[in-house]
Amino acid sequence: GALMPFNALAVAVALLSKSVRGTPETCLIRSWIVFVAYQVWRVPQLALIANSGSMEGISPLSVYAELPMFSTAWVYHHLNRLPFTTYGDHVANSLQSAMMVAALPVFGGVPPAQVAAYALGLGLLTAAQLALPRSRWQILNLAQAPLVRAARVPQIVANFQQGHTGQLSAVTIVLLFAGSLARVFTTVVEAGADWGLLVNYGIGAICSGTLLAQIAWYASATALLRQG
């Protein structure tokens with residue numbers, strides 16, 4: 001009864017794991033293709049902000065929450081000594097998210113002192129995470145789901161409230177959505193179907209898919225905003 005959805009999910013993951021497993025060489029090549037492709041997902045967004053000179057419509061809360069989401073993810077993978085292809089994109093995404101934070105005072109009207117305080121707090125948080133004893137590592141994994149929601153939900157809510165998606169890049173969201181789905185495959189293959197990671201990436205895919213649907217729904221309103 002109540003366990004049927006979980007049993008179905010378990011069967012689906014087991015079948016997925018068998019279907020995507022190949023030779024070690026093909027698995028490695030597939031993972032590195034995903035890893036390399038996922039490095040540039042923020043570039044279109046950064047380029048759009050630079051060209052327009054504005055971050056209108058982009059939620060500062062989402063920008064702030066995104067960086068600890070990625071940094072916590074790579075810290076967890078690093079501590080567990082998982083293959084670099086399962087978290088290397090998180091390192092690159094952390095760097096790109098840091099560029100988004102740095103753009104807030106320049107293009108988003110956020111006080112520089114606020115960003116400086118945020119950077120100090122994030123540095124202390126990351127240092128504390130790296131110093132966690134092994135018995136507390138799972139906390140980092142459990143924190144991912146709320147961090148994903150914290151990073152995506154404010155932007156989703158902002159889009160509904162303003163009736164457009166502002167300077168949010170459609171290309172970036174497409175790449176983010178595709179990357180979240182791809183991460184499910186690489187996790188099954190290389191991390192032994194870690195349920196915590198799979199749930200986190202699944203939530204990320206749902207949130208990214210919602211943003212993608214909003215971009216399509218508000219396309220006309222967003223186009224008028226950018227023309228004005």
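Under the side chain to side chain donor-acceptor pair (under 3.5 Å) rule, E66 has a single partner from R42, Q96, Q155, which is R42.
Counted by atom type alone, S94 and S71 present zero donor-acceptor pairs between their side chains at under 3.5 Å.
When side chains are defined from C-beta on, Q162 does not count as touching Y218, because their heavy atoms never get closer than 4.5 Å. In this structure the side chain of N141 never reaches within 4.5 angstrom of the side chain of N80, judged on heavy atoms. In this structure, the side chains of Q214 and F160 come closer than 4.5 Å at one or more pairs of heavy atoms. Proximity of Q129 to L124: side-chain heavy atoms (C-beta onward) are nowhere separated by under 4.5 Å. Between V75 and T126, the closest side-chain pair of non-hydrogen atoms falls below 4.5 Å.
Residue V157 shares its hydrophobic cluster (ILVMFWY side chains chained together at separations under 4.5 Å) with V153. Through direct or relayed side-chain contacts under 4.5 Å between Ile, Leu, Val, Met, Phe, Trp and Tyr, L142 connects to no other residue. Taking Ile, Leu, Val, Met, Phe, Trp and Tyr as members and joining any whose side-chain heavy atoms lie under 4.5 Å apart, directly or through other members, the hydrophobic cluster of L67 also contains L46, I49, M55, I58, V63, Y64, M99, M100, V101, L104, V106, F107, V110, V115, Y118, L122, L125.
Between P44 and S169, the shortest heavy-atom contact is CB-OG, 3.6 Å. Taking every heavy atom of both residues into account, S52 and Q167 meet most closely at OG-OE1, 3.4 Å. Contact record, S59 with A158: CB-CB, 4.4 Å, taken as the closest heavy-atom pair.
Checked by atom type and distance alone, the side chain of T72 never pairs as donor or acceptor with a backbone atom of L140 at under 3.5 Å. Without hydrogens or angle criteria, W137 side chain to L79 main chain gives no donor-acceptor distance under 3.5 Å. Of the possible polar contacts, none joining the Q45 side chain to the V171 backbone as a donor-acceptor pair under 3.5 Å is found.
Considering NE2 of H90 and CE of M69, their distance stands at 8.5 Å, rounded to 0.5 Å. Considering CG of L168 and OG1 of T222, their distance stands at 8.5 Å, rounded to 0.5 Å. With values rounded to the nearest 0.5 angstrom, I173 atom CD1 is found 11.0 Å from C207 atom SG. For the atom pair Y76 OH and L82 CG, the distance stands at 7.0 Å (nearest 0.5 Å). In this structure, I156 CD1 and T210 OG1 are separated by 4.5 Å, a value rounded to the nearest 0.5 Å. To the nearest 0.5 Å, the span separating NE2 on H77 from CZ on F84 amounts to 11.5 Å.
Salt bridge absent: E56 and R226 never bring a charged side-chain N and a carboxylate O closer than 4.0 Å.
When the side chains of ILVMFWY residues are joined at heavy-atom separations under 4.5 Å, either directly or via intervening members, L130 and V91 end up in a single hydrophobic cluster. Linking Ile, Leu, Val, Met, Phe, Trp and Tyr whenever their side-chain heavy atoms come within less than 4.5 Å leaves L61 and V148 in two separate clusters.
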